[in-house]
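All remarks here apply to the structure that follows.
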Amino acid sequence: MKDIILITGASRGIGAQIALLASQKGYRVALNYLRNSEAANAVVRKITDSGGEAIALQADVGQSDSVKKMFQTLDQTWGVPHVLVNNAGLLTSFRVEDVNEDNIDEIFRANVYSAYFCSREAILRMSTKKGGSGGVIVNISSVASRLGGLGGGSAYAATKGAIDSFNLALAKELGSEGIRVNAIRPGLIRTTIHEAQGGLAHIEQVAKTVVPLGRMGVPEEVAQVVMWLASDAASYVHGTTIDVAGGR
Ligand code: NAP
């Protein structure tokens with residue numbers, strides 16, 4: 001039976017590319033999305049048309065009950081995931097003097113609470129101390145955690161700083177329970193997330209000057225590292241954070 005991978009936020013961008021690559025590597029792919037069912041179903045079709053297995057699971061991963069339901073649906077469809085990729089995320093831009101309960105809550109829910117809620121459900125099923133068979137968790141952070149983000153990006157940077165710390169602490173909690181935990185910090189990757197910060201054309205120009213490799217990355221360059229971390233080739237890699245950022 002093929003291993004199951006659950007990727008949050010996989011209707012587009014980096015998550016969609018992880019889904020496609022995971023299918024090529026032989027996983028059954030459960031891909032989560034928030035609103036964009038058309039895009040999520042298109043990724044599912046691309047996988048099934050080439051002989052793979054995929055399902056789309058709608059859930060707001062920033063909401064605890066929604067995450068519980070998503071895992072229950074996966075239990076009933078295929079079973080326990082072997083790999084969880086906490087990828088879903090949101091980039092909003094506001095200066096600190098413009099913070100309010102809504103804009104800070106929205107980004108922390110999408111980027112931080114999501115990792116807690118999804119990891120909780122995964123641990124309850126994967127942990128060898130709870131009768132599970134172990135597994136792998138990959139957290140998607142950002143170089144913003146150590147660079148402070150682009151203009152208006154303090155909240156985004158803070159959420160990713162939280163993910164870096166969460167990753168370390170989670171690795172300590174789970175090392176003896178058969179679950180390997182690691183994070184990736186992507187740099188400027190070509191996806192629609194940059195609409196909040198002036199759009200892709202603008203970020204392409206920024207990348208030429210601030211990225212030592214002189215260009216933005218593409219989602220597949222992140223997906224390749226996710227799949228390596230998920231594989232047995234990375235069996236002694238635990239609690240670490242890998243930058244995929246062109247030297248930035
Ligand atoms: P993206 O193209 O904007 O895609 C975001 C994905 O997350 C979509 O599938 C979206 O679903 C989903 N999503 C957002 N909020 C969600 C929620 N509350 N519940 C469930 N799904 C949710 O983003 P991306 O660029 O691929 O980014 C993926 C991850 O990489 C994020 O964590 C981001 O912070 C991180 N990252 C990206 C870059 C970059 O340059 N692109 C750099 C560093 C880190 P819908 O389609 O349904 O809305």
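Values reported hereafter were calculated over all heavy atoms of this structure, with side chains retained and with hydrogens, waters and symmetry mates removed. All values reported here derive from a predicted model rather than from experimental measurement. Atoms within a ligand are numbered from 1 in the order they appear, just like the ligands themselves.
At least one side-chain heavy atom of R248 sits less than 4.5 Å from a side-chain heavy atom of L147.
Using a non-hydrogen distance threshold of 4.0 Å, N32 registers as a contact of ligand 1. The closest approach between any non-hydrogen atom of K160 and ligand 1 is below 4.0 Å.
Salt bridge status for R146 with D243: present, with a side-chain N to carboxylate O gap under 4.0 Å.
Considering both main-chain and side-chain atoms, G187 comes within under 3.5 Å of ligand 1 through a nitrogen or oxygen pair. An N or O contact shorter than 3.5 Å is missing between A110 and ligand 1 by distance. Between G9 and ligand 1, at least one pair of N/O atoms sits closer than 3.5 Å. The distance criterion of under 3.5 Å between nitrogen or oxygen atoms is met by L34 with respect to ligand 1.
In this model, no donor atom of one side chain and acceptor atom of the other lie less than 3.5 Å apart for S11 and N36.
For ligand 1, the atoms sitting less than 4.0 Å from at least one non-hydrogen atom of I14 are 26 (O), 30 (O), 37 (C), numbered in the order shown with element in parentheses.
Looking only at distances, a side-chain donor or acceptor of R180 sits under 3.5 Å from a matching main-chain atom of V237.
Taking every heavy atom of both residues into account, S231 and W228 meet most closely at OG-O, 2.7 Å.
Outside the 6.0 Å centre-distance limit, the rings of Y113 and F108 are not counted as a close aromatic pair.
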